[in-house]
Amino acid sequence: MDFDLTEDQSLLVDSVRKLLSDKYGFEQRKAYMASERGWSPELWAAFADIGVLGLPFAEEDGGFGAGLTDTCLIAEQFGRSLVVEPWFSTVVIGGAALRHGGSAALRQELVPLIAAGEVRLALAQQERQSRYDLFDVATTAKKSGSGWVISGNKGMVIHGDSATHLIVSARVAGGQRDKAGIGLFVVEAGAPGVTIRGFRTVDGQRAAEIILDNAPAAHVLGDAEAGLPVLEKVAAESIAALAFEAVGCMDVAHAMTLDYMKTREQFGRPIGSFQALQHRAADMLVAIEQARSMSFYAVQAAEETDPDERRRGISAVKVQIGRASRLVGQQSIQLHGGIAMTMEYACGHYFKRLTVNDGLFGNADFHLRALADEGGLVRAA
């Protein structure tokens, strides 16, 4: 596979990299996290100015018409800086739901506002009992006049307390674990019946528990009883972006570890001169390069039109990225020694982001079992 970037992609990556280099140092990030919002409105406006908020949306809807690969390249750069702004929840997760499920009228209404930084999205999908099963939905949607009202509890909604609009999965018909009868609804965060309890996640981002009590839905995404296929597509594209973000995190953690090994001395010489530690650093590099290859495969898998093939491919990606993230994260902590466990040093923060990302949309163990149940990535004819 050709990993070379096009000229437009190179320019896009360079502009994002320059912005983050100027405005997203480790100490600056800590200040953003400590603010009332937990992220920087100024940086959010800057993201809008350089076009990364409208990147994946069609031009006719008010976006820039870029592909999934372009979006994932930005995710890699954001992973390198551990960005805490709600870009992933708005552009990747929420954007995919809007692109694949929203009507033309809804897209044309919301996309220009998203691109301008005025609308932020969050997917309220996970419930206490659902674990990683997208189809396990106890939240209900009922007809009320010409619209719908939603009732139920959602947990671990990434940037749920930053969103202006929530995309909520709710059951219209069937039992709690039926794959049919699930709809996706747009609920305004300030609507009556919506209670949002925000909190900080271990990796410094924001999340929320959301309680819906007959909250009115502003819009329905597509068929109110056929939201699961859209949700599966959203998960696939989100996992592809998470794979790229993980590569960015691992790249920086590895580089930091190599620099530390060159300067930290033991027994009168740098610890990087010890062959056993060199082998461990080499294992990290191999894992990163395998993850990099798998991240590009993730784009191909996410764009697969056959849902069964897409599901197997994405599960394979999750397994490989999860294993690589754990190896690189653990080795970077171990090779740094005690300093890596302090809040004042960046290395541990990269491991935290890798760990949190592994749990989004199913961790490596969950997807390994799913892949085994499917008969493996490549099945006999």
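What's counted below: heavy atoms across the whole structure, side chains too, no hydrogens, waters or symmetry copies.
In this structure, CZ in Arg37 is found 10.5 Å from CG in Asp161, a value given to the nearest 0.5 Å. Between the CZ atom of Phe351 and the CD1 atom of Ile333 there is a distance of 6.5 Å, given to the nearest 0.5 Å. Rounding to the nearest 0.5 Å places CD of Gln125 at 12.0 Å from CE of Met156. The line from CG of Leu123 to CZ of Phe88 is 10.0 Å long, rounded to the nearest 0.5 Å. Separation of atoms CG (Leu98) and OG (Ser103) is listed at 8.5 Å; rounding is to 0.5 Å. Rounded to the nearest 0.5 angstrom, Leu285 CG and Thr257 OG1 are separated by 12.0 Å.
Of all non-hydrogen atoms in Thr69 and Gln9, the two that sit nearest each other are CG2-NE2, 3.8 Å. Nearest heavy-atom pair, Ala115 versus Leu53, reported as atom, atom and distance to 0.1 Å: O-CB, 3.9 Å. Across every non-hydrogen atom of Ser325 and Leu354, the tightest pair is OG-CD2, 3.6 Å. Minimum heavy-atom separation, Ile196 to Ala208: CG2-CB, 3.8 Å. Scanning all heavy atoms of the two residues, the minimum distance from Met33 to Gly204 falls at CE-CA, 3.7 Å. The two atoms that bring Lys143 and Ser146 nearest to each other are NZ-O, 4.0 Å, heavy atoms only.
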Verdict with reasoning, Met343 to Lys30, per side chain to side chain contact (heavy atoms under 4.5 Å, CB included): CA-CA 10 Å; Met343 290 294 292; Lys30 286 166 63 176; over 6 Å; no
message: Run the side chain to side chain contact (heavy atoms under 4.5 Å, CB included) test on Gln176 and Gln129 for me, step by step, so that the C-alpha distance in whole Å, both residues' side-chain angles and the decisive distance to 0.1 Å come before the verdict.
response: CA-CA 10 Å; Gln176 178 182 308; Gln129 82 291 337; 3.2 Å; yes
field: Residues Arg107, Glu60; criterion side chain to side chain contact (heavy atoms under 4.5 Å, CB included); working and verdict
entry: CA-CA 9 Å; Arg107 295 196 305 270; Glu60 58 266 27; over 6 Å; no
task: Evaluate the criterion side chain to side chain contact (heavy atoms under 4.5 Å, CB included) for residue pair Trp39 and Ser162; output intermediate values, then yes/no.
output: CA-CA 9 Å; Trp39 50 275; Ser162 304; 2.9 Å; yes
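The aromatic rings of Phe185 and Trp148 lie tilted to each other, with the angle between the two planes from 30° to 60°.
Contact annotation: the side chain of Leu55 approaches that of Ile74 to within less than 4.5 Å [non-hydrogen atoms, C-beta and beyond]. Contact annotation: the side chain of Met341 never approaches that of His336 to less than 4.5 Å [non-hydrogen atoms, C-beta and beyond]. Two residues are said to be in side-chain contact when any heavy atoms from C-beta on lie closer than 4.5 Å; Asp251 and Tyr350 fail this criterion. Using a 4.5 Å heavy-atom threshold, the side chains of Thr355 and Val202 count as separate. Within the 4.5 Å cutoff, side-chain heavy atoms of Asp308 are placed close to those of Arg311. At a threshold of 4.5 Å between non-hydrogen side-chain atoms, the residues Leu258 and Met284 do not count as touching.
Checked for salt-bridge contact, Arg280 and Asp283 miss the test: no charged N lies under 4.0 Å from a carboxylate O. Salt-bridge check for Arg369 with Asp373: failed, with every basic side-chain N at 4.0 Å or more from each acidic carboxylate O. Salt-bridge annotation for Arg131 and Asp136: absent, with no side-chain N of the basic residue lying under 4.0 Å from a carboxylate O of the acidic one. For the pair Glu209 and Lys154, the salt-bridge criterion is not met [side-chain N within less than 4.0 Å of a carboxylate O]. Under 4.0 Å is where a charged nitrogen must lie from a carboxylate oxygen, and between Arg292 and Glu76 at least one such pair does. For Arg326 and Asp358, the salt-bridge test fails: no basic side-chain N is under 4.0 Å from an acidic carboxylate O. Using a 4.0 Å cut-off between charged side-chain N and carboxylate O, Lys23 and Glu42 make no salt bridge.
Under a 3.5 Å cut-off, the side chain of Lys179 and the backbone N or O of Leu134 do not form any donor-acceptor pair. Between the side chain of His367 and the backbone N or O of Phe361, at least one donor-acceptor pair lies under 3.5 Å. Remark: the backbone N or O of Asn214 is paired with a side-chain donor or acceptor of Ser151 at under 3.5 angstrom. In terms of modelled atom types and a separation under 3.5 Å, the side chain of His159 and the main chain of Leu121 share no donor-acceptor contact. The main-chain N or O of Gly272 is never found under 3.5 Å from a side-chain atom of Tyr260 such that the two would form a donor-acceptor pair. Distance alone, capped at 3.5 Å, places no donor-acceptor pair between the Glu232 side chain and the Pro307 backbone. Judged purely by atom type and a 3.5 angstrom limit, Lys318 has no side-chain atom pairing as donor or acceptor with the backbone of Gly313. Between the Arg312 side chain and the Ala301 main chain, no donor and acceptor come within less than 3.5 Å of each other. No donor-acceptor distance shorter than 3.5 angstrom exists from the side chain of Asp61 to the backbone of Gly63, with no hydrogens or angles considered. With hydrogens and angles disregarded, a donor-acceptor distance shorter than 3.5 Å links the side chain of Trp44 to the backbone of Gly117.
In the hydrophobic cluster analysis, where Ile, Leu, Val, Met, Phe, Trp and Tyr join through side-chain heavy atoms closer than 4.5 angstrom, Ile93 is grouped apart from Val168. Under the 4.5 Å side-chain heavy-atom criterion for Ile, Leu, Val, Met, Phe, Trp and Tyr, Val328 and Val319 are members of distinct hydrophobic clusters. In terms of hydrophobic clustering, with Ile, Leu, Val, Met, Phe, Trp and Tyr side chains grouped at heavy-atom distances under 4.5 Å, Val84 and Val52 are assigned to a common cluster. Grouping the Ile, Leu, Val, Met, Phe, Trp and Tyr side chains by contacts below 4.5 angstrom, directly or via other members, places Leu12 with Leu20. Under a hydrophobic-cluster definition in which Ile, Leu, Val, Met, Phe, Trp and Tyr are linked whenever side-chain heavy atoms come within less than 4.5 Å, directly or via other members, Val91 and Ile167 are assigned to the same cluster.
Aromatic pair Phe78/Phe47: centroids less than 6.0 angstrom apart.
Side-chain polar atoms of Asn357 and Glu245 form a donor-acceptor pair below 3.5 angstrom. Between the side chains of Thr201 and Lys352, no donor-acceptor pair of N or O atoms lies under 3.5 Å. Using modelled atom types and a 3.5 Å distance limit, the side chains of Tyr24 and Glu85 yield a donor-acceptor pair.
In this view, Asp178 and Arg171 satisfy the side-chain contact (heavy atoms from CB on, under 4.5 Å) rule, not counting sequence neighbours.
The environment of CD in Gln334 is sparse: at most 12 heavy-atom neighbours from other residues, nucleotides or ligands sit within 6.0 Å.
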